[in-house]
Amino acid sequence: MMRNLFKKTTSQPQQSSAVIRVIGDRASGKTTYMASLARWPNADPTSPVQSVIPVNEEGKELISKAQDLLEQGLELEPSALDASASQMKDYSLKITLKGQFSWKNPKAKMGSQLINLNISCKDYAGEFFNDLLYQAGNPKLQDYLEDCLQATGIMFLVDGNSRRKDAEYATGLERFLISLDRTAIGISKRRICLVLTKCEQSELWVNRDQPAFVAQARFPQVCRQLQMWQQMGAGNVDYFTNSAFGMLGKNFPEPNVDLLSRNRDGVTAVIKDPKRWRPFGLVAPIYWLCTGQRHQELDKG
Ligand SMILES: Nc1nc2c(ncn2[C@@H]2O[C@H](COP(=O)(O)OP(=O)(O)OP(=O)(O)O)[C@@H](O)[C@H]2O)c(=O)[nH]1
Ligand SMILES: [Mg+2]
């Protein structure tokens with residue numbers, strides 16, 4: 001069944017791809033998400049993900065960022081809005097998933113064909129999202145919105161700990177969706193996912209496997225905007241939870257973070273123990289953006 005989603009090739013990996021834009025408020029965790037994904041630290045051998053490989057220079061730069069900053073227990077610098085969207089870094093990554101059954105039973109050969117998810121992804125500065133709220137006529141903004149039209153998938157990152165900003169996010173998102181639909185050409189249906197970040201925080205962690213429920217409970221107005229957009233037939237929406245930093249320990253897991261601040265904007269933090277750094281939930285939204293299907297094993301972490 002799953003097979004039909006991919007181009008049929010015999011022994012070559014199945015290919016699926018997406019052009020992605022990552023949007024969200026300042027400090028929602030966009031760049032950290034991308035850098036953690038590219039770095040893919042301490043991979044769990046039972047994970048369906050076999051490898052994450054950068055396929056351009058920008059992708060390699062992401063890995064250096066992760067090594068030079070995150071692994072030293074530092075934060076990444078806030079991203080600046082470039083003069084035009086075409087000057088922005090376009091990160092290309094190839095994510096290879098083990099064949100559908102091979103990771104469940106390493107001895108089984110059947111159905112063990114690899115799957116490649118090829119993505120090119122731009123991580124917008126959070127300023128873009130703020131400008132949507134407060135500077136509707138800004139020409140730079142128009143340029144960015146036009147760039148967004150090339151995307152088949154939009155990832156809307158929201159710090160799960162910033163529930164008090166639901167109304168602001170909903171307004172920003174509404175403006176974004178209206179501009180997107182007004183100028184929509186070419187791509188007829190898009191996928192947009194809402195990704196709650198920083199879900200190693202305990203009140204999010206306990207519900208991490210019910211992303212739609214947590215999203216609805218914490219960001220009802222944002223969810224309503226997304227649902228209305230979907231009902232109009234403009235595209236599909238789904239929900240995910242993740243953490244770029246992850247947990248420490250198995251029996252009594254605790255967040256692998258040293259908190260720097262916590263307020264209505266959410267939390268800022270650095271990694272506590274870089275040697276045991278293992279993010280979760282990073283690939284599940286990409287799989288969905290590429291294929292339109294949820295991947296049960298990726299959803300588990
Ligand atoms: N607790 C926790 N903090 C995180 C996580 N991901 C990012 N952060 C922290 O959130 C803050 C902002 O992260 P960035 O990745 O710079 O956010 P951004 O969305 O790229 O921000 P702008 O570039 O300003 O738009 C930093 O303090 C990060 O260390 C996470 O998974 N958990
Ligand atoms: Mg950034």
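Given the structure is predicted, the values throughout are model-derived calculations rather than measurements. Whatever order the structure lists ligands and atoms in, that order sets their numbers, starting from 1.
Near S28, meaning under 4.0 Å from one of its heavy atoms, ligand 1 places the atoms 17 (O), 19 (O). Those atoms of ligand 1 with a heavy atom of T268 less than 4.0 angstrom away are 27 (O). Those atoms of ligand 1 with a heavy atom of S243 less than 4.0 angstrom away are 31 (O). The distance from ligand 1 to the heavy atoms of S79 drops below 4.0 Å at these ligand atoms: 22 (P), 23 (O), 24 (O). Every atom of ligand 1 with a heavy atom of G126 under 4.0 Å away is listed here by number and element: 22 (P), 25 (O). Near P78, meaning under 4.0 Å from any of its heavy atoms, are these atoms of ligand 1: 23 (O), 24 (O).
Here the protein heavy atom with the shortest distance to atom 26 (C) of ligand 1 is E75 OE2, 3.3 Å. Nearest to atom 31 (O) of ligand 1 among the protein's heavy atoms is A244 N, 2.8 Å. Annotation: atom 29 (O) of ligand 1 to nearest protein heavy atom, A269 O, 2.5 Å. Given atom 21 (O) of ligand 1, the protein heavy atom at minimum distance is A27 N, 3.0 Å. Among all protein heavy atoms, the one lying closest to atom 32 (N) of ligand 1 is E200 OE1, 3.1 Å. When hydrogens are left out, the protein atom nearest atom 22 (P) of ligand 1 is R26 NH1, 3.2 Å; that is the closest non-hydrogen contact. In this structure, atom 15 (O) of ligand 1 lies nearest to the protein heavy atom T32 OG1, 2.5 Å. Closest to atom 17 (O) of ligand 1, if we only count protein heavy atoms, is G29 N, 3.1 Å.
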**OP:** Would you sort out whether E71 and R39 count as a salt bridge (charged side-chain N to carboxylate O under 4.0 Å, His left out), showing the intermediate values?
**Re:** CA-CA 10 Å; E71 273 177 31; R39 178 75 181 93; 2.5 Å; yes

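There is a side-chain donor-acceptor pair under 3.5 Å between Q15 and N118. A donor-acceptor contact closer than 3.5 angstrom is absent between the side chains of T96 and Q50. D159 and S28 share no donor-acceptor pair across their side chains, judged by distance under 3.5 Å alone. No side-chain donor from either of S92 and S120 sits under 3.5 Å from a side-chain acceptor of the other.
Residue contacts with ligand 1 do not include G24, since none of its heavy atoms lies under 4.0 Å from the ligand.
The distance from the Mg ion (ligand 2) to the nearest N/O/S atom of T32 is not under 2.8 Å.
Here the straight-line distance linking atom CZ of R190 with atom SG of C148 works out to 8.0 Å at 0.5 Å rounding.
No more than 12 heavy-atom neighbours from other residues, nucleotides or ligands sit within 6.0 angstrom of CZ on R224. Heavy-atom neighbours of Q296 CD from other residues, nucleotides or ligands within 6.0 Å: at or below the threshold of 12. Heavy atoms from other residues, nucleotides or ligands lying under 6.0 Å from CZ of R262 number more than 12.
At a heavy-atom cutoff of 4.0 Å, ligand 1 is contacted by no atom of E127, backbone or side chain. Heavy atoms of A125 found under 4.0 angstrom from ligand 1 belong exclusively to the backbone.
Checked against the 6.0 Å centroid threshold, W288 and Y239 do not count as a close aromatic pair.
The OG1 atom of T31 and the OG atom of S79 meet at the Mg ion (ligand 2) at an angle of about 90°, given to 10°.
Comparing R262, K198, K30 against atom 10 (O) of ligand 1, the shortest heavy-atom distance belongs to K198.
Checking N236, I23, L177 one by one against I192, the side chain to side chain contact (heavy atoms under 4.5 Å, CB included) holds for a single residue, L177. For the ring pair (Phe, Tyr, Trp, His ring centres under 6.0 Å) test with Y124, the passing option among F156, Y144, F176, F129 is Y144; the others fail.
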